[in-house]
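Throughout, protein chains are lettered first and strands after them, A, B, ... in sequence-line order, and every chain is numbered starting at 1.
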Amino acid sequence: MELEKAFDPRVAEENHYKRWEASGFFAPEINENPDAEAFSIVIPPPNVTGTLHMGHALQHTLMDTLTRWKRMQGYKTLFLVGVDHAGISTQLMVTRQLKKDEHKTPQDIGREAFTEKVWEWKNKFGGVITQQIRKAGLSVDWSRERFTMEENLSKAVREVFVRLFEEGSIYRGTRIVNWCPRDKTVLSDLEVKEEKAKDGKLYYLKYPILSEPSAIADGLGKSSRFRVPGSDLNTILDLEPGTRNSEFLTVATTRPETMLGDTAVAVNPEDERYKHLIGKTILLPLTNREIPIIADDYVESEFGTGAVKITPAHDPNDWEIGQRHNLEMLVVMNDDATMNDAAGEDFKGLDRYAAREKVVGEFEKLGLLEKIEDYEVTLPHCERCKTVIEPLLSEQWFVKMDEMRDVALKLMREENSPRFFPEVPHKKVYTMWLENLKDWTISRQLWWGHQIPAWYDAKGGIYVARTKQEACEQAGTNELTQDEDVLDTWFSSALWPFSTLGWTGGADTLVRPDAAVSESAGNNRSEVVRQEAASGLADKSVRSPTSDLNAFYPTDVLVTGRDIIRLWVSRMVMTGMKFTGKKPFDDVIIHGTVLDKNGQRMSKTKNNGIDPLDVFVKFGVDATRMALAGSATGIDFAWRDEKVESFRNFANKIWNATRFCLMNSEGGSVDLQSLEFSHQAASDEVLTRNVGTPNLADRWIISRLNKTVKAVNYALETYQFHEAVQLIYHFFWDDFCDWYIEFVKDEIVNFNDTDTDRGNAKIGSEPELTGKQIRARTLILTILEQALRMLHPFMPFLTEELWQKLPGTSNDLHNAAYKSAEKTIMLTDFPKANDSMIDESAESAMNSVTELITKVRNIRAEMNIKPGEKFTIHIAAEASVQEVFKASEAQILKLARAETLVISHRLQVPKASAKAVTANAEIAVPLEGLIDFDKERGRLTNQITKLGEEKSRLDGQLSNANFVGRAPSEKVDALRGRFAELSAQIKTLHGNLRSLD
RNA sequence: GCCGACUUAGCUCAGUGGUAGAGCACUCGCCUCACACGCGAUAGGCCAGAAGUUCAAAUCUUCUAGUCGGCACCA
């Protein structure tokens, strides 16, 4: 079999995905083992209208790697995929398109038509991201694909809403909310991003104080006080100049336009400057309203003037003060941030910024503008459209989070769950956020989303129900209108791990809602199984949504970015505990952010994003996945094309190593038995069913393989993907390709075959293969096959492409759970380490040999000996080491490009020789006529210096009585051993140096 | 302001108490019959700075500086 000379990723990428999917390899049902443990991951649902970016590619790679690894280990595996309806961004996108195509606004066409348009849009473009997920090779179960707006998930949303409402956790109330004047919707705190304003100013406004409070006796904050006749600004401004100063109270504000809605001025009760003013009245300029001066601890005397204008309808802190003092709440803005009628004739209709200028101008005209200072201020912005948020008094739906929050905190405190990887700093961020959690604003003034299941009758009565019919029954009338608003997208996302698995809160619910919290501790699978059996759902042939819930919930691990720990992770924990009684996942892997090559965040505005699809085309999916998994440590990292390139090269290396093995595979085939000679077998041929004794290299590579397998499994268990990648990379490239293949090459290649057209040799045209050759070919194919399996979770396409071509592969190699599936590497058994195959003596012997070869190559390179020039190598070593070199003579000669090997106890070579030392041998290469004595002196001196530095360091340590006395004795012994070795080597090198004179 | 992370070879990053590692780039030699997306051999680091703990510190503690995040923001 002949492979192309270079690996073309496109071929492999096109060859396998369809078959994998069509054969049901991705579905958990492929697992035939009724007792198989489950492993499940739910994808963080990407936005339905979105496209794949590097962050997705990274987290998808990690999830798929884990899934494929677990699947190969025989777990009944579900990787659940789906998309999110993404309320705001989708609505924005469709609105923009509507404007472009038809020059219409959503209001022009109405709610129903608009929603219809969004669905059309979703059906048209919603598949983009799922296509990209296929392209990336994710082994997700497409038969269970979910969408947050589909019927079952919507049902779950309504169920949760109704239950929370019924227990009083969801309420409708009037609060100061984050209002986006452009999207005209409320936003949760998490959808607001604080940014520094470019030219923030602090305006100092002078408010006149009425000497005679008119009409105010008590009852601060009653609306009757507005517009009191008889006191107007001009009267006050006309006062004697000398008395004027004491008649004003100056307040500082960054938003002067809100003064039109002021209903009080507050000072600190302890502030000596203002104590006497408390209870007096201010005549509010531009409005001629009278407002009280009140005392509140909230005011900090040191800041600004120590007096604060209070606008309860336009500032959250002012709102609270307003509540405490029973102040009037005067809304002076419309929902598009223009001023409304209440702002007065002169201002109504003005945009907030125009109103600001006008207010400041008017104050200046009146001589009431004390000063304007530059002031650094951070302003809230809409995360989506970047518009400055206006805090606005508004009636919305809220969820009380206290109870759910406490359950989540308890779970973290008592069980350290969910467990974050890395734990620092995410556990703390998660915990602190929960501790300071406020009520969640869940209504949104959008049309795209889950419409709030609340209905109103003509009198304003509220009926919350699962269906309109239910609501009508409650109300006793059919004349109900549903709440116009929809729910925050994250409300449905919060239910994702169980709503996607079939939870709708009906009688088939995992646990009764009332028992949910108290049963939180019992979170293990055996219990699930028991419940499943009890409820008659154990029959695997029945695939009902509920059996999915029983089989796969809780999920095992969540992989996500740190930006949605609070937005999403915490809410899944809270709703999961509340409605299923179980935590939704055990572990949470927080991956880093992919930055551009300059360490900057990728963003659309900076246009520095890197499209994963471009990288796929350029370097291949497998290489991209390796680069991503190889970088994932939870820390941000800068993107380097060079890194992917190096894994592209690695893919090609794998391709070519396989190509070599296939070119010489005649007579051999993958055979796991061939791995089973252990080091005992080396001295007992009867134990091996192979012809001949396993040689050093064979014992060595098997040992290396097992060590690698062990370390890779450990790395994946602890989610150290980069560690696993490094291990496999080095095993394959350094151990397998650079040493093992080179070592056994002569044995494997049938050199009698040189006349035939290589690779096209027909069966039977080769000379008879020896049993030794067949054994060697079988072993190298088997090692290769094991390496491909290890690589498969990371590089699915390449490994499948090659594995299918290996002789001897069949579904016999599958994990026991998949024996009847058609043959595929993705269902093979993931390698397990066998400690008895770890052979330290083979490894140390092999090290002696490779060190020897390297030293000789160094002599060749540094003495400028042409590659074609053969020479004799003299080696002096003790008897046991001599044996090792003798046994590997052929390989040493070949790899060091030498002609003869002279092995003895003492070097006997001419003066004109280049020399070197290894840990257990002396080397000399006679170079009569080729040696440059100065160069050789330099080489030897160099070696002496290097070893000497280490020796003196050790000397210092060993002569320190404290070290010798207190350090562990094995440590001291090891250092002494090394010291002796160095001393001997240096002595030898000095001798070599002298012999040159 | 508070909290946190990061600072290791030219670049991007591994490395949680015991002789500093990788990939890429660089230098030198090679088209050696799997692979030039390759092979071989070098070179290159007072592990940001300071102090401390320890027989021993890149690694633990504290402080400083720089970079980047998060949170909270007093009008």
message: Using a 4.0 Å heavy-atom cut-off, does A:Lys951 contact any base of the nucleic acid, only the sugar-phosphate backbone, or nothing at all?
response: nothing
- line: Answer for the Watson-Crick or wobble partner of B:C46, both distances under 3.5 Å, is none
query: Reckon A:Thr854 touches a base, only the sugar-phosphate, or nothing at all at heavy-atom distances under 4.0 Å?
result: sugar-phosphate
query: Choosing from B:C30, B:C39, B:C74, which nucleotide comes nearest the side chain of A:Pro867?
result: B:C30
Donor-acceptor pair (no angle test) under 3.5 Å: A:Arg648 side chain, B:C37 base: yes
task: Please state how far atom NZ in A:Lys894 lies from atom P in B:U32, giving the value in whole angstrom units.
output: 12 Å
- request: Determine the contact category for A:Cys737: base if any of its heavy atoms lies under 4.0 Å from a base atom, sugar-phosphate if only primed atoms, P, OP1 or OP2 are that close, otherwise nothing.
  value: base
- prompt: Looking at A:Arg562 and A:Gly634, what are the two nearest heavy atoms and their distance?
  reply: NH2-O, 3.7 Å
message: Here's one to test your reading of the geometry: is the NZ or CZ of A:Lys427 within 45 degrees of the ring axis of A:Phe420 and under 6.0 Å from its centre?
response: no
- prompt: Within the pair A:Asn858 and B:U42, is there a side-chain N or O less than 4.0 Å away from OP1 or OP2?
  reply: yes
message: For A:Lys201 and A:Glu373: C-alpha separation, side-chain torsions, deciding distance, then whether salt bridge (charged side-chain N to carboxylate O under 4.0 Å, His left out) applies.
response: CA-CA 6 Å; A:Lys201 298 262 190 291; A:Glu373 280 180 352; over 6 Å; no
Spacing of A:Asp738 atom CG relative to B:G23 atom C1', expressed in whole Å: 14 Å
- request: Can you tell me the distance, in whole Å, between the CG atom of A:Asn317 and the P atom of B:A72?
  value: 13 Å
field: Value in whole Å for how far the C1' atom of B:C74 lies from OH of A:Tyr375
entry: 6 Å
- prompt: According to the Watson-Crick and G-U wobble definitions, with both distances under 3.5 Å, which nucleotide is paired to B:C26?
  reply: none
field: Atom-pair distance (CD on A:Gln726; C1' on B:U12), nearest Å
entry: 12 Å
message: Both distances below 3.5 Å, Watson-Crick or wobble geometry, any strand: find the nucleotide opposite B:U16.
response: none
- prompt: Closest to the A:Lys5 side chain: B:C13, B:G18, B:C35?
  reply: B:C35
- prompt: Using a cut-off of 4.0 Å on non-hydrogen atoms, how would the nucleic acid contact of A:Lys597 be classed: base, sugar-phosphate, or nothing?
  reply: nothing
message: Can you confirm whether A:Phe248 sits close enough to A:Tyr207 that some side-chain heavy atom of one is under 4.5 Å from a side-chain heavy atom of the other?
response: no
query: For the residue pair A:Phe736 and A:Phe732, does the interplanar ring angle fall in the parallel (under 30°), tilted (30 to 60°) or perpendicular (over 60°) class?
result: tilted
Value in whole Å for how far the C1' atom of B:A75 lies from CD1 of A:Ile294: 13 Å
task: Could you walk me through whether A:Glu257 and A:Arg356 pass salt bridge (charged side-chain N to carboxylate O under 4.0 Å, His left out), step by step?
output: CA-CA 4 Å; A:Glu257 68 278 12; A:Arg356 177 176 302 176; 2.8 Å; yes
statement: Of the candidates B:A34, B:G70, B:U12, the side chain of A:Asn656 sits closest to B:A34
message: Regarding A:Arg939, tell me which of base, sugar-phosphate or nothing describes its non-hydrogen contacts under 4.0 Å with the strands shown.
response: nothing
field: Atom-pair distance (CG on A:Asn436; P on B:G70), nearest Å
entry: 18 Å
task: Ignoring the backbone of A:Ala657, work out which of B:A34, B:G18, B:A75 is nearest its side chain.
output: B:A34
- request: May I ask which nucleotide in the shown strands pairs with B:C35, Watson-Crick or G-U wobble, both distances under 3.5 Å?
  value: none
- line: As its Watson-Crick or G-U partner within any shown strand, both distances under 3.5 Å, B:A5 has B:U67
- prompt: When you measure from the side chain of A:Gln957, which nucleotide among B:G18, B:G70, B:A41 comes out closest?
  reply: B:G18
message: Students often get this wrong, so: under 4.0 angstrom with heavy atoms, is A:Asn864 touching a base, only sugar-phosphate, or nothing?
response: nothing
message: Taking the minimum atom-to-atom distance to the side chain of A:Lys428, which one of B:C71, B:A75, B:G4 wins?
response: B:G4
- line: Result for 5'-nearest mapping on RNA chain B, choosing between A:Arg640 and A:Lys866, is A:Arg640
message: What contact category does A:Lys193 fall into here, base, sugar-phosphate, or nothing, at under 4.0 angstrom with non-hydrogen atoms?
response: sugar-phosphate
Heavy-atom side-chain contact between A:His722 and A:Ser631 under 4.5 Å: no
- prompt: If you look at every strand shown and take non-hydrogen atoms under 4.0 Å, does A:Arg978 touch a base, only sugar-phosphate, or nothing?
  reply: base
- prompt: Separation of A:Ile321 atom CD1 from B:C74 atom C1', in whole Å?
  reply: 10 Å
task: May I ask you to say what A:Glu950 touches in the nucleic acid, namely base, sugar-phosphate or nothing, with a heavy-atom cut-off under 4.0 Å?
output: base
- prompt: Does A:Lys653 make a side-chain donor-acceptor contact with the base of B:C35, cut-off 3.5 Å?
  reply: yes
- request: Remember a base hit wins even if backbone is also touched, and classify A:Glu742 as base, sugar-phosphate or nothing at under 4.0 Å, heavy atoms.
  value: base
task: If B:U54 has a Watson-Crick or G-U wobble mate with both distances under 3.5 Å, name it; if not, just say none.
output: none
- request: Using a 4.0 Å heavy-atom cut-off across all strands, classify A:Arg897 as base, sugar-phosphate, or nothing.
  value: base
